[in-house]
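Sequence lines set the chain letters: A, B, ... in the order given, protein chains first and strands last, and positions in each chain run from 1.
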There are 2 protein chains.
Amino acid sequence: MRILKHVILGLLNRSSMSGYDITNEFHTTVSEFWTASHSQIYPELKKLTEEGLVTYEIQITGEVLEKKVYSITPKGKQQFINWLKIDVPMEPTPKSVFRLKIFFSDQLSPERRKYLLNSQILQHRQRLEHLKANHQKFKNPPKMNSPELGDYLVLEGAIMREEMTLKWLEKCLDYT
Amino acid sequence: MRILKHVILGLLNRSSMSGYDITNEFHTTVSEFWTASHSQIYPELKKLTEEGLVTYEIQITGEVLEKKVYSITPKGKQQFINWLKIDVPMEPTPKSVFRLKIFFSDQLSPERRKYLLNSQILQHRQRLEHLKANHQKFKNPPKMNSPELGDYLVLEGAIMREEMTLKWLEKCLDYT
DNA sequence: CCCAAACATGTCAATAGATACATGTTTGGG
DNA sequence: CCCAAACATGTATCTATTGACATGTTTGGG
């Protein structure tokens with residue numbers, strides 16, 4: 001479905017940036033709903049350029065370091081908006097290795113099960129704290145139709161997901 | 001990480017079954033935490049057989065229809081249990097195309113945004129109802145260390161996830 | 001008895017994704 | 001001034017996943 005294509009187009013539709021900048025977005029905001037590393041991003045940018053959906057101009061940083069700053073083309077913008085408008089069927093449940101382990105956890109000793117659950121709980125608590133810290137940067141919800149509203153809603157969703165996950169993990173502990 | 005390998009080993013560790021039966025598990029219980037179709041399952045069973053982790057015997061249904069009933073070997077069971085015991089680091093946030101669309105939803109008209117959100121809400125409500133129907137099949141929580149407890153906990157987790165998703169979608173609607 | 005749905009097993013090609021390999025520049029703090 | 005961290009861009013290989021292609025049998029209801 002070329003999801004990566006549309007994430008990149010969406011980011012470039014917000015503002016022009018380099019592959020490196022895009023990679024950074026994947027390390028921060030985008031990480032709440034998609035993952036990709038630079039080894040996927042650079043070839044995809046090349047492909048999008050060939051397809052005429054993005055263009056780039058080279059900027060020199062310092063003496064010689066070349067930076068390709070990509071921009072979306074009208075054709076790219078059109079494809080992005082069309083894709084965004086499509087009503088997609090509900091996605092299949094996300095994959096989860098930990099839920100798989102719980103599914104088969106009768107094969108573990110109660111001690112081991114407790115240990116694994118506590119390990120997850122600690123990590124998810126940290127993630128939740130980190131998300132809540134980001135959330136405080138927004139003093140009040142961004143106004144309608146601003147790009148920040150998307151960031152905000154996704155962040156709220158991430159917080160809700162982590163809170164739910166922690167509740168579930170603790171419930172699993174109760175049964176152990 | 002060979003997740004599919006371990007799902008199959010886990011299922012065969014519960015009871016012997018055919019590739020078709022395994023595929024059915026992926027359509028029901030397993031679908032709450034992993035997905036795979038028969039085009040992945042049959043080659044994987046072949047590979048596991050070559051690795052000596054499973055064996056099969058052929059059963060005839062009716063006159064000529066051959067069915068391969070797979071069983072886990074001691075070596076397979078050992079590998080499965082070892083894998084199950086490992087403490088895995090928290091997984092990256094699951095990918096979600098719909099959250100991606102919300103992230104960029106300032107590019108949509110409020111009407112379109114509402115439409116997409118309502119479409120998701122309807123579908124998730126149906127999934128939730130379906131999960132709750134399954135939940136009622138358990139009169140009370142299965143006892144500790146039974147395989148049913150794994151099914152039960154995963155089901156509860158799925159219900160919590162759907163309830164959270166619905167709350168989030170409704171919150172998104174409020175901002176639209 | 002017919003026919004559709006369920007049973008049953010596979011392959012192939014294309015895309016997507018993860019991890020490692022590969023190389024170099026610039027900036028800012030100690 | 002040195003050095004580490006950040007900036008910057010790519011390729012190669014392997015594995016995982018999806019969707020289509022391919023084929024045939026059995027069962028149960030109308």
Distance-only donor-acceptor pairs under 3.5 Å for side chains of residues 10-19 of chain B, two or more places apart:
residue, atom, partner, partner atom, Å
B:Asn13, OD1, B:Lys77, NZ, 3.3
B:Asn13, ND2, A:Gln107, OE1, 3.2
B:Arg14, NH1, B:Asp151, OD1, 3.2
B:Arg14, NH2, A:Phe103, O, 3.0
B:Arg14, NH2, B:Pro147, O, 3.2
B:Arg14, NH2, B:Asp151, OD1, 3.0
B:Ser16, OG, B:Ser71, OG, 2.8
B:Ser18, OG, B:Tyr20, N, 3.4
B:Ser18, OG, B:Asp21, N, 3.1
B:Ser18, OG, B:Asp21, OD2, 3.0

Only distances under 3.5 Å count here; give the side-chain donor-acceptor pairs of residues 39-46 of chain A to other protein atoms, sequence neighbours excluded, each with its distance to 0.1 Å.
residue, atom, partner, partner atom, Å
A:Ser39, OG, A:Ser37, OG, 3.2
A:Glu44, OE2, A:Arg2, NH2, 2.9

Atom pairs and distances, donor-acceptor, side-chain atoms in residues 158-174 of chain B, under 3.5 Å, two or more places apart:
residue, atom, partner, partner atom, Å
B:Arg161, NH2, B:Glu32, O, 3.4
B:Arg161, NH2, B:Glu32, OE1, 3.4
B:Glu162, OE1, B:His124, ND1, 2.6
B:Glu162, OE2, B:Arg127, NH1, 3.2
B:Thr165, OG1, B:Arg161, O, 2.8
B:Trp168, NE1, A:Leu153, O, 2.9
B:Glu170, OE2, B:Arg125, NH2, 3.4
B:Lys171, NZ, A:Glu156, OE1, 2.9

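No side-chain heavy atom of A:Ile102 sits under 4.5 Å from any side-chain heavy atom of A:Leu116. The shortest distance between side-chain heavy atoms of B:Val7 and A:Leu100 falls below 4.5 Å. Counting heavy atoms from C-beta outward, A:Pro110 and A:Thr176 have side chains that approach closer than 4.5 Å.
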_If a pair means Watson-Crick or G-U wobble with both distances below 3.5 Å, what does DNA chain C look like in dot-bracket form, with | marking bases paired to a different strand?_
||||||||||||||||||||||||||||||
*Under the side chain to side chain contact (heavy atoms under 4.5 Å, CB included) rule, what do A:Gln79 and A:Glu51 come out as? Steps first, then yes or no, please.*
CA-CA 11 Å; A:Gln79 281 201 18; A:Glu51 293 172 328; over 6 Å; no
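Residues satisfying the side chain to side chain contact (heavy atoms under 4.5 Å, CB included) criterion with B:Ile60, sequence neighbours excluded, are B:Ile58, B:Glu66. Here B:Arg113 pairs with A:Asn145 under the side-chain hydrogen bond (donor to acceptor under 3.5 Å, both in side chains) rule; sequence neighbours left out. By the side chain to side chain contact (heavy atoms under 4.5 Å, CB included) test, B:Ser31 pairs with no residue at all, sequence neighbours left out. Not counting sequence neighbours, the partners of A:Phe138 by the ring pair (Phe, Tyr, Trp, His ring centres under 6.0 Å) test are A:Tyr152. For A:Ser119, the side chain to side chain contact (heavy atoms under 4.5 Å, CB included) partners two or more places apart in sequence, or in a different chain, are A:Gln123, B:Asp87.
Nucleotides of DNA chain C with any atom under 4.0 Å from a heavy atom of chain A span, from 5' to 3', C:dA16 to C:dT26.
Side-chain nitrogen and oxygen atoms of B:Lys5 include none within less than 4.0 Å of the OP1 or OP2 phosphate oxygen of D:dA16.
Residue order along DNA chain C, read from the 5' end via each residue's closest nucleotide, puts B:Asp21 first among A:Arg2 and B:Asp21.
Going from atom CG of B:Leu4 over to atom C1' of D:dC14 covers 17 Å, rounded to whole Å. Atom CE in A:Met1 sits roughly 12 Å away from atom C1' in D:dT17 (whole-Å rounding).
Contacts of residues 86-102 of chain A with DNA chain D (heavy atom under 4.0 Å): A:Lys95. Of the residues in residues 38-67 of chain B, B:Ser39, B:Gln40, B:Thr61, B:Gly62, B:Glu63, B:Val64, B:Leu65 come within less than 4.0 Å of DNA chain D through at least one heavy atom, sorted by number.
For the pair B:Ser105 (side chain) and B:Leu108 (backbone), a donor-acceptor distance under 3.5 Å is absent.
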